[in-house]
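Notes to accompany the following structure.
Each chain gets a letter, A, B and so on, in the order the sequences are listed, and its residues count up from 1. Reckoned from all heavy atoms, side chains included, excluding hydrogens, waters and symmetry mates. On a predicted model such as this, the values are computed, not experimentally measured, just so you know.
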Amino acid sequence: GESVGLHLPTLSVQEGDNSIINCAYSNSASDYFIWYKQESGKGPQFIIDIRSNMDKRQGQRVTVLLNKTVKHLSLQIAATQPGDSAVYFCAEIGGAQKLVFGQGTRLTINP
Amino acid sequence: GAGVSQSPRYKVAKRGQDVALRCDPISGHVSLFWYQQALGQGPEFLTYFQNEAQLDKSGLPSDRFFAERPEGSVSTLKIQRTQQEDSAVYLCASSPRMNTEAFFGQGTRLTVV
């Protein structure tokens with residue numbers, strides 16, 4: 001079945017450092033991936049997406065990398081700021097048109 | 001409106017009570033999703049609409065859960081005879097078309113006592 005998992009449940013980084021959040025997926029038919037940020041008491045907020053015909057996509061301070069060979073997705077946040085503290089989810093869409101979420105990684109920023 | 005709106009934000013229900021949760025999607029968005037999020041977990045898919053058609057309800061945990069979107073806009077998730085295990089945040093999301101990013105509302109936190 002479909003499943004999306006994360007390597008680490010928590011990540012702590014120093015303010016100003018780069019953060020890398022990883023995600024593994026199991027459905028090789030998935031063709032669209034999204035990273036969401038969720039702050040306490042709020043709904044998931046779209047960060048960046050990538051389709052399976054790409055291996056890298058960049059946004060403002062964020063980069064998503066997709067390795068279809070090993071079914072791995074990563075989110076890189078440059079110059080991490082206190083406002084980046086949140087839980088980050090990767091999600092995939094396959095043929096069923098529904099987003100499948102992983103468990104999430106909690107990112108904590110140390111001053 | 002600017003985004004997806006859900007109401008109420010918080011709901012406390014006595015066990016056995018029926019509840020109705022409302023979602024106002026972004027205007028013009030074709031697709032609408034409902035998710036259930038337990039504390040410390042990722043959102044779990046419940047059901048999906050394209051316009052007024054419910055295309056997938058495979059995630060609804062029991063026949064006590066029912067969702068509708070009669071005019072292809074506002075959607076209601078109804079839970080009958082609530083149980084304690086129904087306590088969770090219920091998230092609604094909409095997207096302009098299939099296979100694009102979904103935008104989420106703030107969620108409704110349901111607590112069954």
Side-chain angles (χ1 to χ4, degrees), chain A residues 1-10 21 23-27 29-54 57 59 62 64 73 75 86-107, chain B residues 1-10 21 23-26 29-51 53-60 67 88-109 111:
Chain A
E2 297 176 338
S3 68
V4 180
L6 298 179
H7 294 309
L8 294 173
T10 61
I21 301 171
C23 177
Y25 64 95
S26 61
N27 186 357
S30 294
D31 55 8
Y32 181 51
F33 304 87
I34 305 175
W35 280 100
Y36 283 93
K37 172 186 180 182
Q38 188 173 26
E39 297 173 284
S40 181
K42 298 184 177 180
Q45 177 188 0
F46 172 89
I47 301 173
I48 192 168
D49 59 359
I50 189 167
R51 298 197 179 271
S52 59
N53 60 352
M54 303 172 69
R57 190 154 190 239
V62 294
V64 55
L73 197 66
L75 177 70
V87 177
Y88 289 81
F89 294 98
C90 63
E92 62 172 319
I93 295 181
Q97 295 302 316
K98 61 188 181 187
L99 275 173
V100 177
F101 283 82
Q103 292 303 304
T105 293
R106 180 173 298 281
L107 179 63
Chain B
V4 178
S5 177
Q6 292 187 244
S7 60
R9 285 280 282 128
Y10 304 93
L21 313 180
C23 173
D24 285 81
I26 294 172
H29 277 198
V30 169
S31 300
L32 185 146
F33 304 84
W34 283 99
Y35 284 80
Q36 180 190 62
Q37 187 173 26
L39 189 64
Q41 302 293 315
E44 294 281 347
F45 172 82
L46 293 177
T47 187
Y48 158 58
F49 291 86
Q50 186 172 332
N51 296 308
Q54 190 174 19
L55 298 186
D56 189 338
K57 54 182 180 179
S58 62
L60 296 176
V89 174
Y90 290 85
L91 294 164
C92 176
S94 70
S95 64
R97 55 193 176 279
M98 290 170 58
N99 227 18
T100 61
E101 68 268 25
F103 298 90
F104 283 81
Q106 299 265 49
T108 294
R109 180 176 296 280
T111 304

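- In this structure, chain B has a heavy atom under 4.5 Å from the side chain of A:Gln38, while its backbone stays farther away.
- For chain A, the option among B:Gly59, B:Pro43, B:Gly42 with the highest count of heavy-atom pairs below 4.5 Å is B:Pro43.
- The OH atom of B:Tyr48 sits 12.0 Å away from the NZ atom of A:Lys98 when rounded to the nearest 0.5 Å.
- Taking each heavy atom of A:Phe89 and B:Gln37 in turn, the nearest pair found is CZ-NE2, 3.7 Å.
- Ranked by heavy-atom pairs shorter than 4.5 Å toward chain A, the options B:Arg109, B:Gln106, B:Arg9 are led by B:Gln106.
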#### Entry: Working for side chain to side chain contact (heavy atoms under 4.5 Å, CB included), residues A:Phe46 and B:Glu101
CA-CA 7 Å; A:Phe46 172 89; B:Glu101 68 268 25; 3.4 Å; yes

### Candidate pair B:Gln41 and A:Phe101, rule side chain to side chain contact (heavy atoms under 4.5 Å, CB included), full reasoning
CA-CA 9 Å; B:Gln41 302 293 315; A:Phe101 283 82; over 6 Å; no

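- Both the backbone and the side chain of A:Leu99 have a heavy atom closer than 4.5 Å to some heavy atom of chain B.
- Using a 30° and 60° split on the angle between ring planes, A:Tyr36 and B:Phe104 fall in the perpendicular class, above 60°.
- Atom CD1 of A:Ile93 and atom OG of B:Ser95 lie 7.0 Å apart (nearest 0.5 Å).
- Looking only at heavy-atom pairs under 4.5 Å with chain A, the residue among B:Thr100, B:Val4, B:Leu91 that has the most is B:Thr100.
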